[in-house]
Amino acid sequence: MSNDPIALNQALASFDALWSPRIVTRVNDYDVRVAKVEGEHLWHVHDHTDEFFLVLDGELRIALREADGERTVTLATGSVFTVPRGTEHKPSAPSGASILLFEPSGTLTVGDRHDEVPAHVDATTGHTL
């Protein structure tokens with residue numbers, strides 16, 4: 001990884017694939033990833049790590065299955081949200097969004113446990129930009 005400044009808008013402009021994050025930098029043992037998203041991801045859970053979301057553009061919805069039932073959080077541009085480890089969740093962006101994710105290097109986009117992976121979701125640990 002280069003130690004040069006990274007323009008996130010240029011990083012996002014460099015690819016078109018949806019639900020296929022690109023690693024823009026690393027902080028200690030964590031990846032900083034950007035992704036373009038539209039439609040629905042899948043229900044999944046990360047057993048050992050939280051998952052941080054920052055919406056760069058658009059609107060992201062995250063459905064959560066918690067001990068007291070299901071709820072959906074809606075994140076507008078500039079909003080952040082952390083899904084706690086062990087919480088089943090399903091991101092979606094009906095009108096499309098650009099997001100930044102912060103999670104340990106090697107974390108699978110589909111978590112440790114998940115529904116069947118649809119063809120439009122890239123089951124990856126992130127691609128180098």
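Asp29 has its side chain out of reach of Pro104: every pair of non-hydrogen atoms, C-beta onward, lies at least 4.5 Å apart. Considering only heavy atoms from C-beta on, Val80 stays 4.5 Å or farther from Leu75 through its side chain. Side-chain atoms of Thr25 and Ile6, non-hydrogen and from C-beta on, do get closer than 4.5 Å to each other. With contacts defined as side-chain heavy-atom distances shorter than 4.5 Å, the pair Asp31/Thr107 does not qualify. Side-chain atoms of Leu100 and Phe53, non-hydrogen and from C-beta on, never get closer than 4.5 Å to each other. Two residues are said to be in side-chain contact when any heavy atoms from C-beta on lie closer than 4.5 Å; Ser14 and Leu129 meet this criterion. Contact of the Pro91 side chain with the Arg61 side chain is not registered, since no non-hydrogen atoms from C-beta on lie closer than 4.5 Å.
At least one donor-acceptor pair under 3.5 Å links the side chain of Thr109 to the backbone N or O of Thr124. With Thr82 contributing its side chain and Glu51 its backbone, the two residues share no donor-acceptor pair below 3.5 Å.
Judged as a side-chain contact (heavy atoms from CB on, under 4.5 Å), and not counting sequence neighbours, the contacts of Ala7 are Asn9, Gln10. Every residue two or more places apart in sequence or in another chain that forms a side-chain hydrogen bond (donor to acceptor under 3.5 Å, both in side chains) with Arg65 is listed here: Glu70, Glu88. For the salt bridge (Lys or Arg N to Asp or Glu O under 4.0 Å) test, no residue two or more places apart in sequence or in another chain qualifies with Asp4. By the side-chain hydrogen bond (donor to acceptor under 3.5 Å, both in side chains) test, Glu38 pairs with no residue at all, sequence neighbours left out. Thr87 is linked by a side-chain contact (heavy atoms from CB on, under 4.5 Å) to Leu64, Glu66, Val83, Pro84, counting only residues two or more places apart in sequence or in another chain. Judged as a salt bridge (Lys or Arg N to Asp or Glu O under 4.0 Å), and not counting sequence neighbours, Glu116 has no contacts. Residues passing the side-chain hydrogen bond (donor to acceptor under 3.5 Å, both in side chains) test with Asp112: none are found, sequence neighbours excluded. Contacts of Arg85 classified as salt bridge (Lys or Arg N to Asp or Glu O under 4.0 Å), with partners at least two apart in sequence or in another chain: Asp50. With sequence neighbours excluded, no residue satisfies salt bridge (Lys or Arg N to Asp or Glu O under 4.0 Å) with Asp57.
In plain terms, the two heavy atoms of Leu56 and Thr77 that are nearest each other are O-CG2, 3.3 Å. The two residues Leu60 and Ala93 make their nearest non-hydrogen contact at CD1-CB, 4.4 Å.
Sorted by first and then second residue, the pairs that involve residues 58-106 and meet ring-ring contact (aromatic ring centres under 6.0 Å, His included), not counting sequence neighbours, are Tyr30-Phe102, His44-His89, His46-His89. A salt bridge (Lys or Arg N to Asp or Glu O under 4.0 Å) check over residues 101-111, counting only residues at least two apart or in different chains, returns the pairs Arg33-Glu103. Among pairs with a residue in residues 7-23, those fulfilling salt bridge (Lys or Arg N to Asp or Glu O under 4.0 Å) read Asp16-Lys36, at least two apart in sequence or across chains.
The aromatic ring centroids of Trp43 and His114 lie 6.0 Å or more from each other.
Placement of Val73 and Val55 within a single hydrophobic cluster is found when ILVMFWY residues are connected by side-chain heavy-atom separations under 4.5 Å, directly or transitively.
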